[in-house]
Amino acid sequence: MGSLLFDIKLKRENKVYHENDMLLGCVQFQCSQETKHEGIMLYLEGIVNLQLSAKTVGLFDAFYNSVKPINLLQNSLELSAPGKLSAGRSEFHFELPLVCKKEPRILYETYHGVFINVNYQLNCTVKRNFLGKSMTKIQQFCVQYKPVALGEDSLKVVPFSLSPDSLQKNASAKERLSMPRFLITGRLDRSESCVTTPITGSITVQHTEAAIKSIEMQLVRVETCGCDEGYSKDATEIQTIQIADGNVLPKLELPIYMVLPRLFTCPTLLTKNFKIEFELNLVVVFKEDYTVSENFKIVLKRSAGPLLSKITTAGR
C-alpha cells in the first residue's frame, strides 16, 4: 500500500472563532496511489477538563461527580462513505456551526490552566479494514468572546501603599519587631483589565531603612473546582516580571508593564462547577531576604476599549 498523508485546514489562518460562527475548512489528502478506506469522519469537540490537585483527592466523594468533563460542543460529519481515495491530491470541504445546544449554552474561551482546561478541536478519522489501523489527525482552534464596550466608571486610578503598618495585621509579634521601616506607594491603572491590554501602573519607594534586593510583580491564576458539598481551590503562578533589581533610589517612579500571556489567561469565569480567577502579587525582597507582599484581586475581560475600575487590596 502506498503512503497516505492528510491534514485539516481551516479557512481562518489565526484559528480564532466566536460563538455562532461557522467553522469552514477542508481536509486535504495526498495519496501516492489509489487507497481504499472504510469511511472518513470529522468530529467537532469542545470540552472543559477539570482536575483535582493531589492535596484534595480523597477528601470529598462529591468531587468525583463535580469534576466530570463538561461537553460544550459535540458534532460529527461524514466526509466520505466507504470507498477509495484517488491517487494524488483530493479535498473534502466542511461547514460546522459553533453552537452550544445544551447546558451551559455558552462556549467558554479557550484556556490552558493547571487544573482547568477549555479546549476545542477537530478530529478527522480515516477508517481502515480490520488489517489496517485507522488514521487520525487533530486540529485545535481557539474560541474567544466577542469584545464588549464598557462604561465610564473605569476612569479611576487605583492607589496602593505598602508599609509595616499596612502589613502588621497579618504579621506575628516576632515579625513586627524584625520588620524594617519602609514606605512604598504606587498605583494600578485598572483592576478590570482587557486580556489583550497590558497591566500598567507605577511604584515608588518613598523611603526604606533596609536596602532592597528586588521588586517583582507576579500574575497568579486561582482555579476552583467543586460544588456545594466541597471544592478544591488552588493558586498557581502564571508569570513573574521584575520591576527593579537591586536597591532603588527613593522617590524614583518605576513603571509597571505586564503583557498577559495568550491561552494561559482568559476572561474571569465563574460557573456552577468551576471558577477561573486572577490575582496580582507585588513582592518586595530586602537584602536580608526579608520579603513583604501585597495582593490585588483583578478581573479580566475581553473588551473593545480600556477598562479601569476600583480595586480591592489585601496585605499578606
_Pair Gln74, Ile47 - check side-chain contact (heavy atoms from CB on, under 4.5 Å), show working._
CA-CA 9 Å; Gln74 204 164 17; Ile47 193 167; over 6 Å; no
_Set out, in order, the CA-CA distance, both residues' side-chain angles and the distance that settles ring-ring contact (aromatic ring centres under 6.0 Å, His included) for Phe182 and Tyr290, then state yes or no._
CA-CA 12 Å; Phe182 64 90; Tyr290 182 85; 7.9 Å; no
*Could you walk me through whether Asp21 and Arg12 pass the side-chain contact (heavy atoms from CB on, under 4.5 Å) check?*
CA-CA 11 Å; Asp21 281 355; Arg12 293 185 188 175; 3.1 Å; yes
*Derivation of the side chain to side chain donor-acceptor pair (under 3.5 Å) call for Gln206 and Thr185*: CA-CA 7 Å; Gln206 301 295 344; Thr185 61; 2.9 Å; yes
*In sequence, state the C-alpha distance, the side-chain angles, and the governing distance for Leu263 and Cys142, and then conclude on side-chain contact (heavy atoms from CB on, under 4.5 Å).*
CA-CA 9 Å; Leu263 300 181; Cys142 294; 3.8 Å; yes
*Determine, stepwise, if the pair Gln144 / Glu109 fulfils side chain to side chain donor-acceptor pair (under 3.5 Å).*
CA-CA 5 Å; Gln144 291 181 356; Glu109 280 214 11; 5.3 Å; no
*asked:* With side-chain contact (heavy atoms from CB on, under 4.5 Å) as the criterion, how do Val283 and Thr240 come out once you've worked through the C-alpha distance, each side chain's angles and the decisive distance to 0.1 Å?
replied: CA-CA 10 Å; Val283 181; Thr240 297; over 6 Å; no
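Under the 4.5 Å side-chain criterion, counting only non-hydrogen atoms from C-beta, Leu85 is in contact with Ile40. Using a 4.5 Å heavy-atom threshold, the side chains of Val27 and Asp7 count as separate. Residues Met258 and Leu280 meet the side-chain proximity criterion, which asks for heavy atoms closer than 4.5 Å. You'll find the side chain of Arg221 reaches within 4.5 Å of the side chain of Phe278, heavy atoms only. Phe6 places none of its side-chain heavy atoms less than 4.5 Å from the side chain of Phe92. Here the side chains of Tyr111 and Phe264 are not in contact, with every heavy-atom distance at 4.5 Å or above. Contact of the Cys26 side chain with the Lys9 side chain is registered, since non-hydrogen atoms from C-beta on lie closer than 4.5 Å. Within the 4.5 Å cutoff, no side-chain heavy atoms of Leu73 are placed close to those of Glu45.
How far OG1 of Thr224 is from CG of Leu50: 11.0 Å, rounded to the nearest 0.5 Å. Atom-to-atom distance recorded for Ile256:CD1 and Asp189:CG is 8.5 Å, nearest 0.5 angstrom. Of the inter-residue distances, the one linking Phe94 atom CZ with Leu23 atom CG reads 5.5 Å to the nearest 0.5 angstrom. Taking CE from Met41 and CG from Leu77, the interatomic distance works out to 7.0 Å, rounded to the nearest 0.5 Å. The structure places CD1 of Ile203 at 11.5 Å from CZ of Arg187, a figure rounded to the nearest 0.5 Å. In this structure, Phe115 CZ and Asp234 CG are separated by 4.0 Å, a value rounded to the nearest 0.5 Å.
For Lys287, the NZ atom counts as densely surrounded, since its 6.0 Å shell holds more than 12 non-hydrogen atoms of other residues, nucleotides or ligands. Residue Gln30 places its CD atom among more than 12 non-hydrogen atoms of other residues, nucleotides or ligands, all under 6.0 Å distant. Remark: Gln242 CD is packed, more than 12 non-hydrogen atoms of other residues, nucleotides or ligands lying under 6.0 Å away.
No side-chain donor-acceptor contact under 3.5 Å links Glu223 to the backbone of Thr236. Remark: side-chain polar atoms of Thr110 are paired, donor with acceptor, to backbone N or O of Val143 under 3.5 angstrom. With Asn281 contributing its side chain and Asn295 its backbone, the two residues share no donor-acceptor pair below 3.5 Å. A donor-acceptor pair under 3.5 Å is formed between the side chain of Glu209 and the backbone N or O of Arg181. When atom types are taken as modelled, the side chain of Ser32 and the backbone of Ser3 share a donor-acceptor pair closer than 3.5 angstrom. Checked by atom type and distance alone, the side chain of Thr271 pairs as donor or acceptor with a backbone atom of Phe274 at under 3.5 Å. Using modelled atom types, one side-chain atom of Thr268 and one backbone atom of Leu300 make a donor-acceptor pair closer than 3.5 Å.
Ring orientation note: the planes of Tyr120 and Phe141 are tilted relative to one another, at an angle of 30° to 60°.
Both Leu252 and Phe286 sit in one connected hydrophobic cluster of ILVMFWY residues. Membership requires side-chain heavy atoms under 4.5 Å apart, directly or through other members. Cluster membership check: Ile241 shares its hydrophobic cluster with Ile184, using side-chain heavy-atom separations under 4.5 Å among Ile, Leu, Val, Met, Phe, Trp and Tyr. No path of Ile, Leu, Val, Met, Phe, Trp and Tyr side chains, each step under 4.5 Å between heavy atoms, connects Val220 with Leu162, placing them in separate hydrophobic clusters. Side-chain heavy atoms closer than 4.5 Å link hydrophobic residues (I, L, V, M, F, W, Y) into clusters, and following such links, possibly through other members, connects Ile116 to Ile106. Hydrophobic clustering of Ile, Leu, Val, Met, Phe, Trp and Tyr side chains at less than 4.5 Å, counting indirect connections, keeps Leu79 apart from Tyr43.
A pairwise comparison of heavy atoms in Met135 and Leu4 identifies CE-O, 3.5 Å as the closest pair. For the residue pair Asn14 and Arg262, the shortest heavy atom distance occurs at O-NH2, 4.1 Å. Listed here is the closest heavy atom pair of His37 and Ala81: CE1-O, 3.1 Å. Closest heavy-atom contact between Leu98 and Tyr17: CD1-CB, 3.5 Å. Closest non-hydrogen pair, Val195 versus Pro267, comes out as CG1-N, 3.9 Å. Pairing each heavy atom of Gln239 with each of Leu260, the nearest pair is NE2-CA, 4.5 Å.
For the pairing with Val205, the side-chain contact (heavy atoms from CB on, under 4.5 Å) check across Leu249, Leu183, Ile215 returns one residue only, Ile215.
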